[in-house]
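A quick write-up on the structure given underneath.
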Amino acid sequence: MNYNWDWAIFFKPTGIGSEIYLDWFITGLGWTIAIAIVGWIIALALGSLLGVMRTVPNRWIAGAATAYVEIFRNVPLLVQLFLWYFLVPDLLPEPLQIWFKQDLNPATSAYLSVVVCLGLFTAARVCEQVRTGIQALPAGQTAAAYAMGFRLPQIYSNVLLPQAYRIIIPPLTSEFLNIFKNSSVASLIGLMELLAQTKQTAEFSANLFEAFTLATLIYFTLNMGLMLLMRAVEKKVAVPGLIAVGGK
Amino acid sequence: MISIKNVNKWYGSFQVLTDCSTEVKKGEVVVVCGPSGSGKSTLIKCVNALEPFQQGDIVVDNTSIADPRTNLPKLRSRVGMVFQHFELFPHLSISENLTIAQVKVLGRSKDEAIEKGLKLLDRVGLLAHANKHPGQLSGGQQQRVAIARALAMDPVVMLFDEPTSALDPEMVNEVLDVMVQLAQEGMTMMCVTHEMGFARKVADRVIFMDAGQIVEDCPKQAFFGDVSQRSERAQQFLAKILQH
């Protein structure tokens, strides 16, 4: 390949203010993490609630959660993002609309849209994992808890969920990593997260290969770190004699 | 203590319990036996409302289960139940298994619950295992913990649903010994079991069920005495079960 690699590019000035290109990547990484973490908090909280709802002995509650999952799982993420960013604000009451479109900094309104979008999208997937985790437990566990006088909410919080979460840590880890990768859709509504900064670097400097190589390395390192973190969590909460800690 | 009155239960159009009536008096030990599918487990699960029934009533310690105003969690907290597959909570240590319901259901203090739990654990001979998890114990040990866990709630009656059926043969006796001791101390017990040795030793009455009906309900002496007085179905069952 006839290409002049120039790795020093990241330390060269961008020509905008006193920034070097590396600063752009750091800012981008900051946005990526901010999107993913807040999105994940929404996804985990809402997904857990929905997962529980799908398993309760009430057809209407379970049906509502099922409908949620079907809607959010069957529409492409990018379409959902455009709906949240372009359509939903127009459906808000007048004062909120003005606030969202005019008062907010454009980066903030894009950030809110993408966080809500990723949180709700990922919640549907977390829901399915929580549901399968609960359903994987023997029915006798619920019966035993009832027999001791527990009420349904106590059964979920003390008996079912602590076991279900332990079972689903591996698929939940995948979902946690996915939300970091999926955060890159934010670049399409103008939020300068890692991918957007990479594209901008490529266009400004013409060092396209270096820029995307660095972005790849950052995503990869970030996700490897998260995976190791989750594996440590799995080890920490492992119960002797219950579920073997998987994978080396 | 337990009064079962004309209980009928259906799964869809299939009737699993037909007109079942019996009584368990305070301090009495009643063994329920019968072939698989006869409804004995279903009947015992109706006693603490783990299984709903469509007709009839069960009154436990003056509380009607069919009455919609009954506080079922409260009733269940006073009825101990031991399951075929132990159903200890595997994510909790043995001592946590013994204390969690005392604290969260009965509102006892943690110290009080631990003291009570450990005393009962000692009684079933497993005090040394208090900090282990259920997965680290044998089946027989787990079932003894399950009995201690039920006793920690100070139940007025204990229900046993085939407590030894899932155990290796050499572990059956350690569980039966605990049950015999409990019976001799005057605990009111209703036991679904095929352990006829246990029935002979401590039962006051034996109930034999078949096809969802109570076919025999008589004192132990009568049940094991002159077999020719028993129904044909009970005779066949006894012939099979007493061969070994």
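A note on names: the letters A, B, ... follow the listed sequences, proteins ahead of strands, and every chain is numbered from 1.
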With rounding to the nearest 0.5 angstrom, report the OG1 to CZ distance, Thr99(B) to Arg108(B). 11.0 Å

Exceeds 12 heavy-atom contacts within 6.0 angstrom, atom OH of Tyr11(B): yes

Under 30°, 30 to 60°, or over 60°: which ring-plane class applies to Trp40(A) and Phe176(A), parallel, tilted or perpendicular? tilted

Could you check which of Gln136(B), His91(B), Arg78(B), Gln102(B) has the highest count of heavy-atom pairs closer than 4.5 Å to chain A? His91(B)

For Gln154(A), is it the side chain, the backbone, both, or neither that has a heavy atom closer than 4.5 Å to a heavy atom of chain B? side chain

Side chain, backbone, both or neither: which part of Leu75(B) has a non-hydrogen atom closer than 4.5 Å to chain A? neither

ring-ring contact (aromatic ring centres under 6.0 Å, His included) partners for Phe72(A), two or more places apart: Tyr68(A)

Between His85(B) and chain A, which part of the residue has a heavy atom less than 4.5 Å away: side chain, backbone, both or neither? neither

Can you tell which of Met153(B), Gln84(B), Lys132(B), Lys104(B) has the highest number of heavy-atom pairs within less than 4.5 Å of chain A? Lys104(B)

Can you say whether Phe83(B) sits under 4.5 Å from chain A via the side chain, the backbone, both, or neither, judging by heavy atoms? side chain

Does the side-chain hydrogen bond (donor to acceptor under 3.5 Å, both in side chains) test come out yes or no for Ser41(B) and Asp161(B), once each step is laid out? CA-CA 6 Å; Ser41(B) 281; Asp161(B) 185 11; 2.6 Å; yes

What residue, out of Leu159(B), Ile100(B), Asn48(B), has the most heavy-atom pairs lying under 4.5 Å from chain A? Ile100(B)

Give the member of Leu92(B), Leu88(B), Leu106(B), Leu72(B) that has the highest number of heavy-atom pairs under 4.5 Å with chain A. Leu88(B)

Could you tell me if Glu70(A) and Asn74(A) have a donor-acceptor pair between their side chains, going purely by distance under 3.5 Å? yes

